[in-house]
Amino acid sequence: MDRQVYIRDIAAEDGREALLRGWLYGKRSSGKLHFLQVRDGTGLIQCVLSKKDVPEAAFAAADKAPQEASVEVRGKVAKDPRSPIGYELHVTDFRVLQGEAGYPIQPKEHGVGFLQEQRHLWLRSSRQRLILAVRHSIIKAIRDYFDSRGFTLVDAPILTPAACEGTSTLFEVPYFDLGKAFLTQSGQLYGEAAAMAVGKAYVFGPTFRAEKSKTRRHLTEFWMVEPEVAYLDLDGDMDLAEDFIVEIVRAVVASHEQELKSILERDVEALKRVCKPFPRITYTEAIEYIQKTGHPIKWGDDLGGDEETILCKQFDRPVMVHRYPAEMKAFYFKKDPKDPKVALGVDVLAPEGYGEIVGGGQREDDYATLKAEIEKHNLPLDAFQWYLDLRKYGSVPHAGFGLGVERTVAWICGLHHVRETIPFPRMMERLTP
RNA sequence: UCCCCGAUAGCUCAGCUGGCAGAGCAACGGACUGUUAAUCCGUGGGUCGCUGGUUCGAUCCCAGCUCGGGGAGCCA
C-alpha cells in the first residue's frame with residue numbers, strides 16, 4: 001500500500017489500491033464531492049473524494065488545499081469513460097504535505113512577460129512539461145544518432161581566447177593575469193581539431209551570443225550540436241545533415257505523437273513528411289526563384305527572414321541551400337574550386353516558416369589559403385596558429401555543421417518563439433529567473 | 001543599435017471631451033453528490049511604471065526615463 005504509483009503507469013493498476021504523490025493542479029467541488037486534478041510529473045489524473053468514503057480530516061484537507069500544494073493520495077484506480085486518460089482515482093485517504101494560497105498562475109490566459117517572470121512555476125504546466133520532454137527526446141536522439149555511427153563526443157571549451165568567426169559580439173569575462181576571455185560562440189574550430197584525432201567527432205554544448213537580437217528565433221545562451229568529419233566533402237555533409245534531421249524527427253514523432261497533437265495541437269502529418277531526399281538548391285537558384293516571385297533581391301544579398309519564408313514555403317520538407325557567396329561566409333569556408341566566388345557552405349531551412357536550423361559546410365584545408373583569409377578578415381594570427389597547424393600536419397578535406405537545439409525544438413513542437421524551448425531562457429532583456 | 005506597440009487590483013483588461021478607480025477571473029467566507037477554465041451568494045483588494053511640465057483639477061495631454069512585448073539587422 002505504500003508503493004508509489006506513477007500516473008503514466010496507471011492503466012496497469014486498474015482496480016487496485018494505489019498511492020500517488022504529486023501536486024494539486026486544479027480542483028472543483030460539489031459539496032460532498034471533491035474533484036482533485038493531481039499531477040506527478042508523468043501525467044494528470046482526476047481524484048474523486050466522496051465525503052462518506054474518506055476520513056473527515058482528509059475531506060476537510062481537500063477542501064482547503066490550495067493550487068499546487070504537494071499532496072499524497074491513496075485510492076482505488078477505476079476506469080471512467082469521462083476521463084481524458086480513461087482512469088480516475090476513487091480516493092480513500094488524502095493529505096497535504098505543504099501548500100499556500102496564492103499560486104500566481106491560473107488556468108486562464110496570461111501575458112508572455114508575466115509567464116516568463118514565473119518561469120520556475122510555469123514549467124509545471126502540462127504544455128511546458130511536454131516541451132521539456134520533447135527537448136529531452138531531441139537531445140537523446142541527437143546523441144543516439146552520433147553515438148551509434150562511430151562519432152566521439154568531444155567537449156569544446158566554453159571560455160575561449162578570441163572570436164571564432166569575428167562577426168558576432170561576444171560576452172567578455174575577466175581572466176586572471178591573461179586579461180579577457182570570451183564565452184564560446186561555437187565549438188566548431190575545436191571540433192575540427194578533434195576530427196583530425198578521432199575521424200568523426202561531435203561537440204555538444206551551450207553557446208553564447210551577445211548580439212542585441214530581439215526576435216522569436218534568438219537567445220543569448222543556446223545549445224548547439226556540431227558534428228565534424230575528416231575526409232568529408234560538402235555533398236557528404238549534406239547527406240549527413242539530411243539523414244540526421246530525418247532521424248531526429250522520426251524519433252520524436254515515435255515517442256510523442258499523441259501529446260504533440262493533443263497538448264500542442266501540432267500538425268504531426270507535416271512532421272511525417274520529413275523524409276529523404278531534401279531538395280538541394282544553390283544560393284544562385286534560390287535568388288532566381290525569389291526574384292520570380294517579384295521580390296526585389298539581387299545576387300550577393302543575404303537571405304533575410306522574409307526570403308527564407310518564401311523559399312521554404314514551396315517545399316513540404318527541409319530545404320538545403322548551398323554555395324553561398326564567399327563574401328557572406330566565415331573565413332574558414334572552403335571556396336568552390338569550380339567557382340571561387342562561392343563557398344562550400346550549406347544552410348538547412350526548416351519548413352513551415354521556421355527558417356535556418358543548420359549551418360555548415362566544407363572547411364578550407366589549405367594552409368596558405370586559410371592564412372590569407374585570416375589576414376583578410378583582420379583576425380589575430382597568433383590566436384589562430386593552432387588552427388592553422390591542423391592544415392600543416394596532415395591536412396585532409398573535412399566538413400561539418402551546427403544544429404541549433406532550440407530552433408529544432410521550436411519547429412518540431414510548432415512553437416511561436418524559442419523562449420519556450422529551453423527551461424530558463426536567457427535573452428537580451430531577461431536574466432531571471 | 002534602429003523602428004513600432006504597451007505599462008491601471010494577484011492575473012487579463014475597460015476607463016468616453018481632463019472632473020469621486022471599474023469588470024471578469026483569482027484569493028477569502030458560505031451553498032451544492034459527477035465537476036471538466038463547474039455554478040450560485042457574499043467579502044476584501046489600487047504608489048493608475050517613475051520624474052517633471054501644462055491645468056483650478058491629470059490614469060487621461062506633453063517631455064524625459066525605466067521596464068516589457070513585437071520586428072529589423074546578425075545569426076543557430
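Every chain is numbered from 1 and lettered A, B, ... according to where its sequence line falls, protein lines coming before strand lines.
Pairing of B:C32, defined by two Watson-Crick or G-U wobble distances under 3.5 Å, is not identified with any nucleotide. With a cut-off of 3.5 Å on both pairing distances, B:A21 has no Watson-Crick or G-U wobble partner at all. Using the Watson-Crick or G-U wobble rule with both distances under 3.5 Å, B:U51 pairs with B:A63. Using the Watson-Crick or G-U wobble rule with both distances under 3.5 Å, B:A26 pairs with nothing in any strand shown. Base pairing of B:A9: no nucleotide in any strand meets the Watson-Crick or G-U wobble criterion (both distances under 3.5 Å). B:U1: Watson-Crick or G-U partner is B:A72, with both key distances under 3.5 Å.
A cation-pi geometry, defined here as NZ or CZ lying under 6.0 Å from the six-membered ring centre and within 45° of its normal, holds between A:R149 and A:Y145.
A salt bridge links A:R124 with A:E68: the closest approach of a Lys/Arg side-chain nitrogen to an acidic carboxylate oxygen falls below 4.0 angstrom. In summary, A:R430 and A:E117 engage in a salt bridge, as defined by a charged side-chain N under 4.0 Å from a carboxylate O. Between A:E228 and A:R363 there is a salt bridge, since a side-chain N of the basic residue sits under 4.0 Å from a carboxylate O of the acidic one.
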Pairwise N/O distances under 3.5 Å, protein to nucleotides 8-10 of chain B:
from  : atom 1 : to     : atom 2 : distance (Å)
B:G10 : N2     : A:Q106 : OE1    : 3.4
B:G10 : N2     : A:Q106 : NE2    : 2.6

Hey, mind stepping through A:R217 and A:R407 against side chain to side chain contact (heavy atoms under 4.5 Å, CB included) and telling me if it holds? CA-CA 7 Å; A:R217 299 186 306 280; A:R407 288 187 182 176; 3.8 Å; yes

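Using a 4.0 Å heavy-atom cutoff across all strands shown, A:V358 reaches sugar-phosphate atoms only and no base atom. Contact annotation for A:S83: no contact, since no heavy-atom pair falls under 4.0 Å across all strands. Among the heavy atoms of the strands, none lies under 4.0 Å from A:E226.
The side chain of A:E429 has B:G69 as its nearest neighbour among B:G69, B:G34, B:C74. Candidate nucleotides B:U1, B:C75, B:A72 were compared by shortest atom distance to the side chain of A:K212, and B:U1 ranks first. Among the nucleotides B:U1, B:G73, B:G69, the one closest to any side-chain atom of A:S213 is B:G73. Residue A:E211 has its side chain nearest to B:C74 when only B:G68, B:C74, B:U1 are considered. Comparing B:U35, B:G70, B:G29 against the side chain of A:H417 picks out B:G70 as the nearest. With B:U35, B:C32, B:G70 as the choices, the nucleotide that has an atom nearest any side-chain atom of A:R419 turns out to be B:G70. Listed nucleotides B:C75, B:U33, B:G71 differ in distance to A:H416; the shortest reach to its side chain belongs to B:G71. Closest to the A:A101 side chain, of the nucleotides B:U33, B:G34, B:A27, is B:A27. Distance from the side chain of A:S30 is smallest to B:U35 among B:G73, B:G70, B:U35. Ranking B:G34, B:A27, B:A76 by closeness to the A:F222 side chain, first place goes to B:A76.
What separates CD of A:E100 from C1' of B:A27 is a distance of 12 Å, to the nearest Å. In this structure, CG of A:D63 is placed 11 Å from C1' of B:G30, rounded to the nearest angstrom. Separating the NE2 atom of A:H218 from the C1' atom of B:G69 is a distance of 17 Å, rounded to the nearest angstrom. The distance between atom NE2 of A:H110 and atom C1' of B:G6, rounded to the nearest whole Å, is 19 Å. The interatomic distance linking A:L33 (CG) with B:U35 (C1') rounds to 8 Å, in whole Å. Look at OH on A:Y25: it is 17 Å from P on B:U36, rounded to the nearest Å. Separating the CD1 atom of A:I142 from the P atom of B:A76 is a distance of 16 Å, rounded to the nearest angstrom. A:D302 has its CG atom 13 Å from the P atom of B:A72, to the nearest Å.
Nearer to the 5' terminus of RNA chain B, by closest-nucleotide assignment, is the contact made by A:Y103 (compared with the other of A:Y103 and A:K64).
The number of heavy-atom neighbours closer than 6.0 Å to OH of A:Y6, taken from other residues, nucleotides and ligands shown, is 12 or below.
Not a single donor-acceptor contact under 3.5 angstrom links the side-chain atoms of A:R430 to the base of B:C67. Contact annotation: side chain of A:Q37 to base of B:U36, donor-acceptor pair absent below 3.5 Å.
A sub-4.0 Å separation between OP1 or OP2 of B:G71 and a side-chain N or O of A:K214 is absent. At the phosphate of B:G69, OP1 or OP2 sits under 4.0 Å from a side-chain N or O atom of A:Q116. OP1 or OP2 of B:G73 has not a single side-chain nitrogen or oxygen of A:R217 nearer than 4.0 Å.
Note: A:Y324 and A:F333 fail the aromatic proximity criterion, with ring centroids not under 6.0 Å apart. For A:W122 and A:F424, the ring centers are positioned 6.0 Å apart or more. Side-chain rings of A:F146 and A:F244 approach one another, their centers coming within less than 6.0 Å.
The only option from A:D237, A:I281, A:T282 that meets the side chain to side chain contact (heavy atoms under 4.5 Å, CB included) definition with A:H322 turns out to be A:T282.
By the 5.5 Å and 30° criteria, A:F35 is not stacked with the base of B:G34.
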